[in-house]
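First the structure, in the form of structure tokens, and then the observations on it.
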Amino acid sequence: DQQVKQNSPSLSVQEGRISILNCDYTNSMFDYFLWYKKYPAEGPTFLISISSIKDKNEDGRFTVFLNKSAKHLSLHIVPSQPGDSAVYFCAASRYNAGNMLTFGGGTRLMVKP
Amino acid sequence: NAGVTQTPKFQVLKTGQSMTLQCAQDMNHNSMYWYRQDPGMGLRLIYYSASEGTTDKGEVPNGYNVSRLNKREFSLRLESAAPSQTSVYFCASSSGSSTGELFFGEGSRLTVL
């Protein structure tokens, strides 16, 4: 049973528009949520995170929103750029659980020029 | 600054053969991890080592063994490879902070025929 799910395997967006990537989780014990970005033939790299005590975290063009009651988080990219084309993984962790991350299946974002 | 280095990057094995994936990090991190990535499944934790001298099973440990050789190095061994172990393997390390951020290597693509 997947505890972290990304229900959209792919997303296509026009350059300059907003990209919204969604993630749902089932385990209410998760304390921290992270987004990773992965280019082909490279390892995932950390993008942005949010603590469960917050509902929004912003870093430049990237904003993560957390809705704890719905067990849902989303990543907004505004404006989207062709270089944002990659696979995005949502991940969750629990404090004092050895920094083990539980990952979603990933969403492939394609930003068209 | 190399970060996390994995070898080999590519390997083809026949069913029943054995091999070891090597991983080294130069960030003085306490914790190290091995994940596998399969299409639609995201990254799943195989084994982790919270600190030098300790190892623990993750979500999918069957068919694998690990060794935390020292603080820098964490190897993953397949004793008798099976086609189900065809995957991309990622090593990661973490400072152990409560945020759970991991730093990943570039990955090792393994094919078992």
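Computed from a predicted structure; not experimentally measured. Here is how names work: the chains are called A, B, and so on, in the same order as the sequence lines, proteins then strands, and each is numbered from 1.
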Inset, instruction - Name the region of A/Pro44, side chain, backbone, both or neither, that has any atom closer than 4.5 Å to a heavy atom of chain B. - result: both
Legend entry - Connected via hydrophobic side-chain network under 4.5 Å: A/Val87 and A/Phe46: yes
Legend entry - Under 3.5 Å: donor-acceptor pair, side chain of A/Tyr32, backbone of B/Glu101: no
Legend entry - Side chain, backbone, both or neither of B/Gln6 within contact of chain A (heavy atoms, under 4.5 Å): neither
Inset, instruction - Keeping the roles fixed (side chain from B/Tyr33, backbone from A/Leu101), state whether a donor-acceptor pair exists under 3.5 Å. - result: no
Inset, instruction - Apply side-chain contact (heavy atoms from CB on, under 4.5 Å) to B/Glu59 and A/Met100, showing your working. - result: CA-CA 10 Å; B/Glu59 182 184 355; A/Met100 289 183 291; over 6 Å; no
Inset, instruction - Please test B/Phe104 against A/Tyr36 for ring pair (Phe, Tyr, Trp, His ring centres under 6.0 Å), starting from the C-alpha separation and ending with a verdict. - result: CA-CA 10 Å; B/Phe104 286 86; A/Tyr36 278 79; 5.6 Å; yes
Inset, instruction - Flag yes if more than 12 heavy atoms outside A/Arg17 fall under 6.0 Å of its CZ atom; otherwise flag no. - result: no
Inset, instruction - Under 4.5 Å, counting heavy-atom pairs only, tell me which of B/Lys9, B/Gln37, B/Arg44 racks up the most with chain A. - result: B/Gln37
Inset, instruction - Using the rule that two of Ile, Leu, Val, Met, Phe, Trp, Tyr join whenever any of their side-chain heavy atoms come within less than 4.5 Å, decide whether B/Met32 and B/Tyr48 are in one cluster. - result: no
Legend entry - Structural part of A/Ala91 lying under 4.5 Å from a heavy atom of chain B: neither
Inset, instruction - Apply ring pair (Phe, Tyr, Trp, His ring centres under 6.0 Å) to the pair B/Tyr35 and A/Phe103, showing each step before the final yes or no. - result: CA-CA 10 Å; B/Tyr35 283 86; A/Phe103 284 85; 5.4 Å; yes
Legend entry - Check: A/Phe89 and B/Leu43 side chains under 4.5 Å, non-hydrogen atoms: yes
Inset, instruction - Give the cluster check for B/Met41 versus A/Val4: same hydrophobic cluster or not, with ILVMFWY residues linked at side-chain heavy-atom distances below 4.5 Å. - result: no
Legend entry - Enclosure of A/Met29 CE (heavy-atom neighbours >12, cutoff 6.0 Å): no
Legend entry - Hydrophobic cluster membership, A/Phe62 vs A/Leu11, 4.5 Å side-chain cutoff: yes
Inset, instruction - Tell me whether A/Leu109 is reachable from A/Ile48 by hopping between hydrophobic residues (I, L, V, M, F, W, Y) whose side-chain heavy atoms are closer than 4.5 Å. - result: yes
